[in-house]
Amino acid sequence: MNKKNNGRRNSGTGRHDNRKVVKYRRRRHINVGMIVFAAVLIYISIYMAVYITRDKVSIYEVVEGKNAGITNKSYTGLILRDEFVANAEASGYLNYFVKEGSRVSLSSTVYTIDESGTISSILANASANGDIIFSDENEKELRKLISNYTYNQSDLTFDNVYDFKQAMEAKILECINLNNIKQLYDSNNLSQGAFNIHTASKTGIVEYYTDGYEGKTEETLTGADFNTENYVKKSHSSGDLIENGAPVYKVINTENWSVYIKLSDEEKTKYADTTVVKVKFLEDNREVSGNFTICHIEGQAYGRIDFIRYMSTYAGNRFVELQIEDEQVKGLKIPKTSVVEKDFYTIPVAYAAKGGSSNETGFYKKVFDDAGNESIEFIAPTIYKAEDDFYYVSSQDESLLKEGDYLVKEGVAENFRISSKASLKGVYNVNNGYCLFRNVEILTETGEYYLAEEGTLYGLKVYDHIVIDGSMVSENQVVFTSN
């Protein structure tokens, strides 16, 4: 039977089997790893594109600084003082009796004029041979000088020792020369008609040079007077031949003297309200304080510094090199480009209160629920600056404080409505990777930098990182730095 069936199936009748072969469709599996990779790749590509195309923010690290650059500027000052010029009363050879720069008293012998020309050699030979004689009167005068100095000397007036030294030298020189001249008179080796003795007509410091500035005043000064290249100084010394009527010496009879310095427009503004300055003379590094005023000479601003000490030290100078030693200001050095201004609410100090879990400074604000019911809530917004009358309060978080809110205070009759604003200068701190406004109190400036006070409320400290160009960022912005 099976055989018959098999034969029927395989017989060549030409009929085909109606069964179809269906190809199995494989089920697709999602590759999660590829999706994550693609997402990360897209994110990195977008991030890189944004990073490349956006402006990078440069960062500056805050350091300490001082305005030393200002104090190093030097000036050439012109000296004016009260100077009396004495002219020679005869022609002949000079012989000075007082050391230049010494103080002379009234009627002290200052110089002699030898018309014959022989006295100078006679006096020189007498000194060279050791013929130095002091009379009893000379000793009394020297003892009197020493006694006066000893009586008046103290630790507070130690600089008077230099005046005493000059006075002693001058008096000894005067005594020696006068005694030698007296001996010449007594021995008839000197003709009175050919020799003239001249005494001081004023008390003060004696100098043996003239330069044409004697008698000049602030009103008669010109811009050309400050040109040191045209300055001419004429000096005399013992043995010089002098003509009758020519300047022979001058006496500076007061300790008051003035120095004039040329000022730029910037310096004129800087010192506009200055009344006293501290000066350092570069010749000997002496530091002296003087009264300061601004005057104008031919339309140009000049600083006038008046002194009441050390005139004799610089009596031989007409021009002097000096520095004005501004008070050095120390603070935090920050670029000027970092500083921006931001508005803050100004709230009267009278409305401040203590509250919260940490008893912090804040305010009591009126709040209303949806039904319009009023209640009082304590808030503690950031206070950036405290003045005598106002607090500067951040306006950044409107959930705490916004324009139109009312503050109340027990004992204060009227409520305060938030509306008034004022600006503060500050910089953006990026220590945490995003911008936070920090208030700066500018003390002074030097070059391209400000010097700001250290330790202020919500201020800066050394090594803080700030944005160099504050105009590029805003509060709470995440920064992409270039360094």
Distance in Å, [X] [atom1] paired with [Y] [atom2], rounded so as to fall on 0.5 Å steps:
X	Y	atom1	atom2	answer
Ser258	Tyr260	OG	OH	5.0 Å
Asp469	Ser58	CG	OG	8.5 Å
Leu322	Lys280	CG	NZ	11.5 Å
Glu214	Asp82	CD	CG	11.0 Å
Thr220	Glu218	OG1	CD	9.5 Å
Leu78	Ile261	CG	CD1	11.5 Å

Would you check if the side chain of [X] reaches a backbone N or O of [Y] as a donor-acceptor pair within less than 3.5 Å?
X	Y	result
Ser264	Glu267	yes
Asp240	Ser237	yes
Glu298	Gly223	yes
Thr254	Asn256	yes
Asn432	Tyr434	no
Ser338	Val467	yes
Gln477	Ser474	yes
Ser45	Leu41	yes
His236	Pro247	yes
Thr337	Ile468	yes

Give a yes or no on whether a salt bridge exists between [X] and [Y], defined as a side-chain N under 4.0 angstrom from a carboxylate O.
X	Y	answer
Lys268	Glu266	no
Glu287	Lys278	yes
Asp464	Lys461	yes
Lys250	Glu207	no
Lys330	Glu454	no
Asp211	Arg318	yes
Lys336	Glu445	yes
Asp225	Lys216	yes

Could you tell me whether [X] atom [atom1] has more than 12 heavy atoms of other residues or ligands within 6.0 Å of it?
X	atom1	value
Ile308	CD1	no
Glu448	CD	no
Asp273	CG	no
Tyr463	OH	no

Legend entry - salt bridge (Lys or Arg N to Asp or Glu O under 4.0 Å) partner of Glu255, chosen from Arg81, Arg103, Arg309: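 With Glu255 as partner, Arg81, Arg103, Arg309 yield a single salt bridge (Lys or Arg N to Asp or Glu O under 4.0 Å), made by Arg103.
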
Show the nearest heavy-atom pair for residues [X] and [Y], with the distance to one decimal.
X	Y	answer
Thr76	Phe319	CG2-CD2, 4.2 Å
Val479	Cys435	CG1-SG, 3.4 Å
Lys421	Tyr345	CE-CE2, 3.3 Å
Pro381	Leu400	CA-CD1, 4.0 Å

Inset, instruction - Give the intermediate values and the outcome of side-chain contact (heavy atoms from CB on, under 4.5 Å) for residues Ile334 and Ile466. - result: CA-CA 9 Å; Ile334 57 177; Ile466 62 175; 3.9 Å; yes

Go through the side-chain N and O atoms of [X] and [Y] and say whether any donor and acceptor fall under 3.5 Å apart.
X	Y	answer
Tyr314	Asp284	yes
Glu441	Asn439	yes
Ser420	Thr346	yes
Ser423	Lys342	no

Inset, instruction - Using the side chain to side chain contact (heavy atoms under 4.5 Å, CB included) rule, pick out the option among Leu106, Val110, Thr109 that qualifies with Thr199. - result: Thr109

Inset, instruction - Would you mind telling me which of Asn317, Val279, Ile79 makes a side chain to side chain contact (heavy atoms under 4.5 Å, CB included) with Val259? - result: Ile79

Hey, do the aromatic rings of [X] and [Y] have their centres closer than 6.0 Å?
X	Y	value
Tyr111	His198	yes
Phe437	Phe344	yes
Tyr364	Phe378	yes
Tyr458	Tyr384	yes
Phe226	Tyr231	no

Inset, instruction - I would like to know whether Ile418 and Lys402 meet side-chain contact (heavy atoms from CB on, under 4.5 Å); could you show each step before the answer? - result: CA-CA 7 Å; Ile418 301 297; Lys402 64 181 182 297; over 6 Å; no

Under a 4.5 Å cut-off applied to non-hydrogen side-chain atoms, are [X] and [Y] in contact?
X	Y	value
Phe416	Tyr406	no
Val339	Tyr450	yes
Asn87	Val248	no

Inset, instruction - Please confirm whether Lys409 makes a cation-pi placement over Tyr351, using NZ or CZ under 6.0 Å from the six-membered ring centre and within 45° of the ring normal. - result: no

Inset, instruction - Mind telling me whether Tyr271 and Phe292 have parallel, tilted or perpendicular rings, with 30° and 60° as the class edges? - result: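 Tilted, since the angle between the ring planes falls between 30° and 60°.
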
